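See structure below.
All values derive from a computational prediction rather than experimental measurement. A, B, ... follow the sequence lines: proteins, then strands. Residue 1 opens every chain.
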Amino acid sequence: MLIKRTNRSDSKECDVTDEKIYLNRREIVKNMGFLGAGTLLTTTAAASVFDLFGDDTPPALFKQTNLEFTSDKPFAEELTPEEKTITHNNFYEFGAQKNQPAELGQGFKVDPWQLKISGEVEKPFTLDYDDLYSSFDLEERIYRLRCVEAWSMVVPWIGFSLADLVKRAKPTSKAKYLAFETLYDPKQMPGQRNRRLGGGIDYPYLEGLRIDEAMNPLALMSVGLYGKTLPPQNGAPIRLVVPWKYGFKSIKSVVGIKFVEKQPSTTWNILAPNEYGFYANVNPEVDHPRWSQASERRITTGGIFAQNRIATLPFNGYGDQVAGLYKGMNLRKLY
Amino acid sequence: MAITVSQKAIPYLKALVHLAALYPIVNLYYQAINDRLGADPVEAVIHFTGIGAINLLLLSLSISPAAKFFKIGALIHFRRMIGLYAFVYALCHILNFLSFEVQFDLRLFIDEIFERPYITVGMTAFLFLTALAVTSMAKIRRKMKKNWQKLHNFTYLIVLLGVVHFYWSVKSEIIEPLIYFALYVMLMGFRHQKVRGWIKKRRPQ
């Protein structure tokens with residue numbers, strides 16, 4: 001029997017296809033000797049055929065574009081492969097199963113987009129789609145992402161400091177918290193119009209940060225990953241990334257950031273206050289009531305035997321940068 | 001009209017059931033080992049085998065009502081093997097958790113069983129199911145006489161515990177476990193006389 005051994009570094013067959021060709025494969029197939037019938041079978045016609053079967057399959061893949069940015073210094077830990085980062089998502093607006101957002105989100109329209117900055121600020125403003133990429137300096141930041149479900153990834157995000165956005169808005173003395181809101185558009189987001197698909201959550205999804213947390217240099221407004229704009233399943237066109245907190249704090253597809261005086265309500269905290277707190281800092285010493293948070297499975301390459309369980313670090317390993325924010329607080333109570 | 005299945009056909013039909021039960025799980029591990037099971041193959045194999053076990057348990061509960069309703073007595077021949085496959089799937093479910101989720105951290109494994117109520121419930125169901133699996137042989141059945149039926153009535157509790165375990169394990173997506181609960185209630189409905197009998201017996205005379 002031939003036993004073929006491969007090294008992790010070996011290229012696999014699937015690595016060979018040029019990505020542009022891969023992303024445009026449907027177009028390419030259409031253009032290959034299919035022109036005659038292809039002109040009759042326009043994408044809208046194809047979509048309506050799918051609709052007959054109640055299928056949500058969109059006619060085309062979401063298009064990501066390359067971004068220009070300054071790069072982060074190399075990161076010691078292995079990156080999660082892009083293919084895994086963009087197919088394993090908790091984004092219940094597009095379905096509560098991990099694979100669903102990548103499948104049901106492809107038709108998501110992000111242009112035009114409006115991100116409104118409002119509330120207790122001297123200079124409220126709105127970022128349109130193009131502004132998201134041009135208003136602030138874009139840089140790459142490689143962060144660990146620790147899900148509250150005890151798995152983790154390492155993702156190269158592209159974005160700008162949330163602090164830059166806060167400074168531009170000039171918060172008043174009353175601004176103590178930031179309240180974030182995801183787009184509410186049941187027409188585009190099947191999880192918002194179907195309770196089973198949406199996991200029984202009341203939408204829109206809400207999140208919040210204390211203003212000093214928002215000013216921390218680690219807090220990122222991300223518009224891209226792996227060198228390109230965000231795909232829908234990862235929160236296109238703009239999302240928050242707060243790497244020292246559990247993943248659900250990093251709200252996706254944000255349309256509103258409101259500066260407020262009182263601690264805002266947040267979605268998972270409303271749903272199960274004994275399981276998900278407002279702060280949700282990664283903390284190996286405070287378990288989720290139904291599972292341990294002491295360790296996590298890091299999602300990298302390889303099959304079922306290559307999945308590594310590693311110790312979870314306080315503040316997801318960012319303690320030296322953020323622990324000061326919580327001095328004197330009882331993090332067992334304020335989980 | 002009663003449907004009769006010839007005795008000769010039964011071994012072939014059984015082979016078919018073996019295939020239908022084994023193929024998904026062989027395919028599952030093949031995909032999982034080759035990293036073709038999505039980004040998190042660990043979660044995928046745990047969920048697949050867990051849901052598979054509940055499906056098979058509900059299927060085993062539906063056999064005797066179906067045999068009566070459609071008058072296909074031969075269906076009873078398949079009940080034990082379906083029950084045993086439910087055990088196989090549940091065993092895989094737990095082995096997946098032990099080997100791929102906690103990765104043989106035995107302390108964590110045992111802590112989780114006792115500290116997390118939903119895992120305690122699931123493990124309880126599995127221990128009962130194990131008792132049924134090891135007493136499923138005809139020889140033991142004959143030896144146990146009346147006690148065999150008493151023990152195997154625990155099936156109804158096992159399925160309930162399995163559904164509760166599922167309901168309790170999800171974050172907010174409770175609709176699917178609720179559908180399973182509804183199916184369970186329906187299947188128990190076919191046994192209402194039996195259930196009433198137990199309730200009467202327990203009441204003081």
Proximal component of [X], with respect to chain A [non-hydrogen, under 4.5 Å]:
X	result
B:S169	backbone
B:I174	neither
B:V170	backbone
B:F100	both

Please indicate whether [X] has more than 12 foreign heavy atoms, meaning atoms of other residues, nucleotides or ligands, lying under 6.0 Å from its [atom1].
X	atom1	answer
B:F109	CZ	yes
B:M137	CE	no
B:Y30	OH	no
B:K68	NZ	no
B:Y118	OH	yes
B:Q193	CD	no
A:E77	CD	yes

[X] versus chain B, heavy atoms under 4.5 Å apart: side chain, backbone, both or neither?
X	result
A:R290	both
A:P289	backbone
A:N90	side chain
A:W268	side chain

Hey, what do you get for [atom1] ([X]) to [atom2] ([Y]), rounding to the nearest 0.5 Å?
X	Y	atom1	atom2	answer
A:F305	B:Q103	CZ	CD	11.0 Å
B:H47	A:K98	NE2	NZ	7.0 Å
A:N194	B:I175	CG	CD1	7.0 Å

Taking NZ, NE, NH1 and NH2 as the nitrogens, is one of them in [X] or [Y] under 4.0 Å from a carboxylate oxygen of the other?
X	Y	answer
A:E149	B:K171	yes
B:D40	A:K84	no
A:R196	B:E176	no

Return the option, out of [options], with the maximum number of heavy-atom pairs under 4.5 Å with chain B.
options	value
A:A294, A:G199, A:G198	A:G199
A:D287, A:T80, A:V148	A:D287
A:A102, A:S292, A:A96	A:S292

Quick check: does any side chain N or O of B:S172 sit under 3.5 Å from a backbone N or O of A:G200, one acting as donor and the other as acceptor?
no

Is there a side chain to side chain contact (heavy atoms under 4.5 Å, CB included) between B:V45 and A:I304? Walk through the geometry before answering.
CA-CA 9 Å; B:V45 293; A:I304 198 161; 3.4 Å; yes

Using every non-hydrogen atom in the two residues, find where [X] and [Y] come nearest and quote the distance to one decimal.
X	Y	answer
A:G303	B:P41	C-CG, 4.1 Å
A:H288	B:R116	O-NH1, 3.2 Å
A:Y92	B:E173	OH-OE2, 3.4 Å
A:S295	B:L108	OG-CD2, 4.1 Å

For B:E43 and A:R297, run salt bridge (Lys or Arg N to Asp or Glu O under 4.0 Å): C-alpha distance rounded to whole Å, both residues' side-chain angles, the deciding distance at 0.1 Å, then the answer.
CA-CA 10 Å; B:E43 189 191 82; A:R297 277 187 303 103; 5.8 Å; no

